[in-house]
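So the structure is just underneath, and the comments pick up after that.
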Amino acid sequence: MHEFRDIDGKLHCEKVSVAKIAKAVGTPFYLYSHHTLASHFAAVDGAFAAVPHITAYAVKANSNLAILRLFAGLGGGADIVSGGELFRALKAGVPRSKIVFAGVGKNREEIAEALRAKILLFNVESAQELRVIDDVARKQKTRARISLRVNPHIDPKTHPYISTGLKKSKFGIDIDTALEHYKLAATLKGIEVVGVHHHIGSQLTDVQPFVEAMARVLELVDRLNDHGIAIRYLDMGGGLGIPYQNEEPPSPREMADAVLPLLRGRNVTLILEPGRVLVGNAGILVTKVLYTKEGEAKNFVVVDAGMSDLIRPSLYEAYHEIRPVARTSRPPRVVDVVGPICESGDFLAQNRELPSCEPGDLLAVMSAGAYGFAMASRYNSRPFIPEVLVKGNRFFVIRARETYRDLVRGEAIPPFLKNA
Ligand SMILES: *Cc1c(COP(=O)(O)O)cnc(C)c1O
């Protein structure tokens with residue numbers, strides 16, 4: 001549940017009026033609720049309290065330092081997928097003993113940095129990567145703790161772009177060949193095998209795929225045990241869905257109740273990598289109506305945020321609820337809410353019934369805390385927009401709006417062009 005609600009017809013985040021923040025920081029901007037973030041973390045972490053576990057927040061969902069710090073302060077770790085995310089996690093104070101590193105394309109430098117930082121483990125996605133990690137670790141005269149990311153062939157029944165555990169997926173190692181890979185790993189001097197990892201997809205709305213994937217992975221764990229390879233960490237990834245429209249995803253408690261019985265009697269530390277479920281409904285994107293336009297076939301509401309700020313509608317045809325920041329009694333109209341970017345695919349909503357809008361109105365794009373700012377770009381030379389965190393009756397800018405100067409930072413005109 002979240003902390004964005006109407007008070008006297010005006011949308012508030014916790015106790016602060018959204019319009020008041022818009023006045024202070026301008027539009028568009030992202031807005032997060034501290035209370036929602038903290039209570040979502042407690043719901044996930046608490047659901048698995050009965051077993052040794054690490055709640056390693058999937059940094060890619062929303063990588064702002066303040067949010068990483070918030071979860072670290074509540075006992076969270078980090079699931080990272082790049083050297084940049086490692087840098088952020090360390091800077092935010094995430095304990096290195098709770099950092100796990102996934103991703104199909106880790107390069108040598110990133111691997112070396114993570115080894116120097118003494119992270120908990122690498123989730124390895126291919127045999128070649130395993131050999132590179134082995135090599136880098138030996139050069140550092142250390143051993144890298146690893147899990148293999150296995151692909152259990154479970155259909156998560158979600159959008160194909162966010163399904164990751166099927167046979168055709170680029171992620172992980174086929175579970176049927178995993179034993180061979182583990183046997184190889186066990187012979188490498190720079191490698192210490194400690195776990196098994198899987199992550200089958202995102203925005204799952206049913207517990208069954210989680211249960212089936214875990215059952216398959218546990219069969220592998222037993223086989224590994226028969227071969228003298230002991231598994232201490234069992235990483236079940238993230239993927240728990242959230243309500244965007246009328247989905248009814250399981251609660252973290254329901255997920256735990258379904259999965260934990262499978263682990264009974266096993267001496268393992270469970271690793272969870274929740275992303276969307278922690279941050280998705282803890283954030284909104286606030287945008288201002290610039291123009292309304294009557295087309296031949298459609299009515300458009302042109303707003304000041306676009307696909308460069310929130311790409312999910314364009315990329316996945318994702319649904320985000322849109323509501324006026326100030327309640328109105330104007331009659332509803334069916335509109336496309338579109339951004340200023342020079343692309344036909346630049347929309348936040350299509351064929352959506354909204355109370356009719358006027359220039360200057362503020363709109364809230366709901367459930368935008370996950371894969372929102374994190375996927376933003378500067379396409380069309382649009383500076384990155386601010387992020388704001390509300391706690392109780394106060395708000396804090398946790399990322400300043402970029403300036404035009406930020407846009408060209410690092411660019412250079414070579415001398416031969418200067419005199420032209
Ligand atoms: C993206 C990702 C996650 C987080 O997924 P959510 O659906 O946001 O919970 C966790 N683990 C890995 C390996 C990922 O790639």
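Every number for a ligand or one of its atoms is a count from 1 in the order of the listing.
The N/O atoms of Gly239, backbone and side chain alike, include one that comes under 3.5 Å of an N/O atom in ligand 1. Residue-to-ligand polar distances place Gly275 within reach of ligand 1: an N/O pair is separated by less than 3.5 Å.
The CG atom of Leu310 sits 10.0 Å away from the CG atom of Asp346 when rounded to the nearest 0.5 Å.
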- Give the intermediate values and the outcome of side-chain contact (heavy atoms from CB on, under 4.5 Å) for residues Arg394 and Val16. CA-CA 7 Å; Arg394 296 199 293 162; Val16 187; 5.8 Å; no
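When all heavy atoms are compared, the tightest approach of Phe395 to Ala24 is CZ-CB, 3.8 Å.
Heavy-atom neighbours of Arg378 CZ from other residues, nucleotides or ligands within 6.0 Å: above the threshold of 12.
Inspection of the Glu343 and Tyr379 side chains reveals an N or O donor paired with an N or O acceptor under 3.5 Å.
Near Arg276, with a cut-off below 4.0 Å to any heavy atom, the atoms of ligand 1 are 6 (P), 8 (O), 9 (O). Set against the non-hydrogen atoms of Glu273, the atoms of ligand 1 under 4.0 Å away are 3 (C), 4 (C), 9 (O), 10 (C), 11 (N), 12 (C), 13 (C). Of all atoms in ligand 1, listed by their number and element, those nearer than 4.0 Å to a heavy atom of Tyr371 are 1 (C), 4 (C), 5 (O), 6 (P), 8 (O). Below 4.0 Å from some heavy atom of Ser202 lie the following atoms of ligand 1, by number and element: 6 (P), 7 (O), 8 (O).
Tested against His197 for a side-chain contact (heavy atoms from CB on, under 4.5 Å), the candidates Leu121, Leu148, Asn123, Asp79 yield a single pass: Asn123.
Contacts between Phe171 and ligand 1, counted as non-hydrogen atom pairs separated by less than 4.0 Å, are absent for every part of the residue. Only the side chain of Asp79 comes within 4.0 Å of ligand 1, counting heavy atoms alone; its backbone N, CA, C and O stay farther away.
Here atom 2 (C) of ligand 1 lies nearest to Lys60 when heavy atoms of Lys60, His199, Gln203, Glu125 are compared.
The side-chain tip of Lys106 points at the ring of Phe101 from less than 6.0 angstrom away and within 45° of straight on.
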